Amino acid sequence: MLPTFDYTVTVLNRRDSKDSPDRLDAWKKTVIHNCAWSVQTVRSVNGTEVSLGADYVARIPKSQDYHPYHEWTKDMEGFTFSTGDIIIRGEVTEEITADNVKAVVRQYPESFTVSLFRDNTNTVEALEHYRVEGV
(Lines give C-alpha, C1' and ligand atoms only; values in the text may rest on other atoms or scores of the structure.)
Protein backbone atom coordinates (compact mmCIF):
# COMPACT_ATOMS: atom_id res chain seq x y z
CA MET A 1 0.00 0.00 0.00
CA LEU A 2 1.39 3.40 -0.97
CA PRO A 3 1.37 6.13 1.66
CA THR A 4 -1.01 9.04 1.20
CA PHE A 5 0.68 12.40 1.24
CA ASP A 6 -2.17 14.36 2.80
CA TYR A 7 -0.82 15.21 6.26
CA THR A 8 0.76 18.35 7.64
CA VAL A 9 3.77 17.97 9.90
CA THR A 10 5.83 20.38 11.92
CA VAL A 11 9.58 19.79 12.01
CA LEU A 12 11.41 21.06 15.08
CA ASN A 13 15.09 21.23 14.20
CA ARG A 14 17.72 21.61 16.90
CA ARG A 15 21.06 23.23 16.26
CA ASP A 16 23.34 21.75 18.89
CA SER A 17 25.26 24.19 21.05
CA LYS A 18 28.58 22.82 19.74
CA ASP A 19 27.54 23.87 16.22
CA SER A 20 26.29 27.32 17.22
CA PRO A 21 28.34 30.54 17.25
CA ASP A 22 26.84 31.53 20.63
CA ARG A 23 27.33 27.99 22.06
CA LEU A 24 23.61 27.71 22.91
CA ASP A 25 21.08 25.17 21.64
CA ALA A 26 18.67 26.76 19.18
CA TRP A 27 15.37 25.43 17.80
CA LYS A 28 13.63 26.20 14.53
CA LYS A 29 10.09 25.28 13.53
CA THR A 30 9.06 24.46 9.94
CA VAL A 31 5.53 23.49 8.90
CA ILE A 32 5.39 21.20 5.85
CA HIS A 33 2.27 20.13 3.95
CA ASN A 34 1.58 17.07 1.75
CA CYS A 35 3.44 14.58 3.93
CA ALA A 36 2.75 10.94 4.74
CA TRP A 37 2.37 9.77 8.34
CA SER A 38 2.17 6.27 9.76
CA VAL A 39 2.42 4.64 13.16
CA GLN A 40 2.86 0.99 13.99
CA THR A 41 2.33 -0.59 17.39
CA VAL A 42 5.36 -2.47 18.65
CA ARG A 43 5.05 -5.22 21.23
CA SER A 44 7.92 -6.60 23.25
CA VAL A 45 7.82 -9.44 25.74
CA ASN A 46 10.17 -9.78 28.69
CA GLY A 47 9.24 -12.84 30.73
CA THR A 48 5.59 -12.33 31.64
CA GLU A 49 5.56 -8.59 30.95
CA VAL A 50 4.33 -7.23 27.65
CA SER A 51 5.26 -3.68 26.68
CA LEU A 52 3.58 -1.67 23.97
CA GLY A 53 5.19 1.16 22.08
CA ALA A 54 4.94 2.92 18.77
CA ASP A 55 7.22 3.32 15.77
CA TYR A 56 6.52 6.40 13.68
CA VAL A 57 7.41 7.11 10.06
CA ALA A 58 6.96 10.43 8.27
CA ARG A 59 7.68 10.88 4.57
CA ILE A 60 8.28 14.46 3.54
CA PRO A 61 8.27 15.48 -0.12
CA LYS A 62 11.51 16.61 -1.73
CA SER A 63 12.07 20.33 -1.21
CA GLN A 64 14.59 22.98 -2.19
CA ASP A 65 14.35 24.14 1.43
CA TYR A 66 16.02 20.95 2.71
CA HIS A 67 19.72 21.23 3.62
CA PRO A 68 22.04 18.65 5.17
CA TYR A 69 22.67 19.42 8.85
CA HIS A 70 26.27 20.61 8.39
CA GLU A 71 25.06 23.23 5.86
CA TRP A 72 21.88 24.13 7.74
CA THR A 73 23.75 25.00 10.96
CA LYS A 74 25.45 27.96 9.28
CA ASP A 75 22.30 30.08 8.89
CA MET A 76 19.38 27.79 9.90
CA GLU A 77 17.62 28.55 6.60
CA GLY A 78 15.07 25.98 5.47
CA PHE A 79 15.02 22.70 7.37
CA THR A 80 17.11 19.59 7.95
CA PHE A 81 16.79 16.20 9.62
CA SER A 82 19.08 14.84 12.29
CA THR A 83 18.90 12.58 15.32
CA GLY A 84 17.11 14.36 18.14
CA ASP A 85 14.91 16.54 15.96
CA ILE A 86 11.19 16.29 16.65
CA ILE A 87 8.40 15.64 14.13
CA ILE A 88 4.82 16.52 15.11
CA ARG A 89 1.71 15.57 13.18
CA GLY A 90 -0.20 18.78 12.54
CA GLU A 91 0.66 22.44 12.55
CA VAL A 92 2.33 23.83 15.66
CA THR A 93 1.35 27.47 16.15
CA GLU A 94 3.54 28.23 19.16
CA GLU A 95 6.98 29.76 18.81
CA ILE A 96 9.68 27.27 19.80
CA THR A 97 12.58 28.07 22.11
CA ALA A 98 15.01 25.98 24.12
CA ASP A 99 12.97 26.90 27.21
CA ASN A 100 9.55 25.77 25.94
CA VAL A 101 10.20 22.99 23.42
CA LYS A 102 9.43 20.13 25.83
CA ALA A 103 6.22 21.75 27.07
CA VAL A 104 5.03 22.42 23.52
CA VAL A 105 5.74 18.84 22.38
CA ARG A 106 3.74 17.46 25.31
CA GLN A 107 0.68 19.28 23.92
CA TYR A 108 0.81 17.20 20.73
CA PRO A 109 0.27 13.48 21.37
CA GLU A 110 1.30 12.45 17.85
CA SER A 111 4.97 13.32 17.79
CA PHE A 112 8.30 11.53 17.76
CA THR A 113 11.99 12.12 18.16
CA VAL A 114 13.98 11.35 15.02
CA SER A 115 16.24 8.32 15.33
CA LEU A 116 16.71 7.50 11.63
CA PHE A 117 16.77 9.59 8.46
CA ARG A 118 16.92 8.38 4.87
CA ASP A 119 17.15 10.61 1.79
CA ASN A 120 14.98 8.94 -0.86
CA THR A 121 15.20 11.76 -3.39
CA ASN A 122 17.09 9.72 -5.96
CA THR A 123 14.18 7.37 -6.60
CA VAL A 124 11.28 7.56 -9.05
CA GLU A 125 10.57 11.29 -9.38
CA ALA A 126 6.94 11.03 -8.29
CA LEU A 127 8.01 9.28 -5.07
CA GLU A 128 11.02 11.43 -4.11
CA HIS A 129 10.88 12.11 -0.38
CA TYR A 130 12.77 12.23 2.92
CA ARG A 131 11.94 9.40 5.31
CA VAL A 132 12.24 10.03 9.04
CA GLU A 133 11.60 7.41 11.70
CA GLY A 134 11.46 7.46 15.44
CA VAL A 135 9.71 6.58 18.65
Side-chain angles (χ1 to χ4, degrees):
M1 179 169 65
L2 288 175
T4 58
F5 286 79
D6 55 358
Y7 290 92
T8 296
V9 301
T10 301
V11 178
L12 303 181
N13 291 128
R14 181 179 66 92
R15 181 172 64 184
D16 192 280
S17 60
K18 68 179 174 35
D19 300 318
S20 175
D22 60 7
R23 297 295 181 226
L24 298 173
D25 283 349
W27 288 86
K28 179 171 186 238
K29 171 183 78 171
T30 305
V31 176
I32 305 172
H33 302 280
N34 302 315
C35 300
W37 180 273
S38 66
V39 61
Q40 180 176 5
T41 302
V42 177
R43 293 171 185 82
S44 61
V45 178
N46 185 7
T48 59
E49 292 185 30
V50 177
S51 300
L52 296 176
D55 280 341
Y56 293 89
V57 174
R59 297 172 197 259
I60 293 139
K62 183 177 180 179
S63 171
Q64 292 180 343
D65 293 331
Y66 168 78
H67 304 285
Y69 179 80
H70 69 278
E71 294 175 12
W72 177 83
T73 58
K74 296 174 187 168
D75 57 15
M76 293 176 67
E77 290 293 320
F79 63 92
T80 192
F81 298 109
S82 62
T83 303
D85 288 342
I86 299 168
I87 310 295
I88 298 172
R89 191 179 102 167
E91 184 169 346
V92 172
T93 57
E94 297 87 353
E95 289 302 314
I96 303 299
T97 66
D99 294 329
N100 76 354
V101 65
K102 289 181 182 179
V104 170
V105 171
R106 280 193 296 270
Q107 296 175 37
Y108 296 87
E110 291 195 273
S111 64
F112 67 90
T113 301
V114 174
S115 58
L116 181 65
F117 165 68
R118 190 172 337 162
D119 185 341
N120 291 332
T121 58
N122 292 322
T123 60
V124 177
E125 188 172 321
L127 298 175
E128 290 183 308
H129 65 280
Y130 311 105
R131 178 187 170 107
V132 287
E133 299 179 37
V135 292

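Nothing fancy with the numbering, it's 1 onward along the sequence. These figures come from a predicted structure and were not determined experimentally. Values below: every heavy atom of this structure, side chains too, minus hydrogens, waters and symmetry copies.
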Asn46, CG: over 12 other non-hydrogen atoms inside 6.0 angstrom: no
Closest non-hydrogen atom pair between Gly134 and Ser115, with its separation: CA-OG, 3.4 Å
Distance, nearest 0.5 Å, that separates OG1 of Thr121 from NE2 of His129: 9.5 Å
Donor-acceptor contact present, side-chain Lys28 to main-chain Glu77, <3.5 Å: no
Distance-only donor-acceptor check, side chains Tyr66 and Asp119, under 3.5 Å: no
Verify same cluster id: Val135, Tyr108 (apolar side-chain graph, 4.5 Å): no
Cluster overlap Phe112 with Val104, hydrophobic side-chain contacts below 4.5 Å: no
Atom pair CG/NZ of Asp25 and Lys18 - distance to nearest 0.5 Å: 10.0 Å
Thr10 side chain to Val31 backbone, donor-acceptor under 3.5 Å: no
Verdict with reasoning, Ile86 to Trp27, per side-chain contact (heavy atoms from CB on, under 4.5 Å): CA-CA 10 Å; Ile86 299 168; Trp27 288 86; 4.0 Å; yes
Verify same cluster id: Val39, Val11 (apolar side-chain graph, 4.5 Å): yes
Modelled atom types, side-chain donor and acceptor of Thr80 and His67, under 3.5 Å: no
Derivation of the side-chain contact (heavy atoms from CB on, under 4.5 Å) call for Phe5 and His33: CA-CA 8 Å; Phe5 286 79; His33 302 280; over 6 Å; no
Val114 reachable from Trp37 in the ILVMFWY side-chain graph, under 4.5 Å edges: yes
Atom CD of Glu95 with >12 non-hydrogen neighbours under 6.0 angstrom: no
Inter-residue atom distance Asn13.CG - Thr30.OG1, 0.5 Å rounding: 5.5 Å
Parallel, tilted or perpendicular: rings of Tyr130 and Phe79 (30°, 60°): perpendicular
Separation between NZ of Lys74 and CG of Asp19, rounded to the nearest 0.5 Å: 11.5 Å
Polar side chain donor-acceptor pair, Thr97 to Asp99, under 3.5 angstrom: no
Student check: side-chain heavy atoms of Tyr69 and Asp16 closer than 4.5 Å: yes
Joint cluster assignment, Phe117 & Val9, ILVMFWY side-chain distance < 4.5 Å: yes
Nearest-0.5 Å distance that lies between atom CZ in Arg106 and atom CG in Asn100: 10.0 Å
Reported CG-to-CD1 distance for the pair Leu12 and Ile96, which is rounded to 0.5 angstrom: 5.0 Å
Nearest non-hydrogen partners of Pro109 and Tyr56, listed with the distance: O-OH, 4.2 Å
Pair Arg118-Glu133, salt bridge (charged side-chain N to carboxylate O under 4.0 Å, His left out): steps then yes or no: CA-CA 9 Å; Arg118 190 172 337 162; Glu133 299 179 37; 3.6 Å; yes
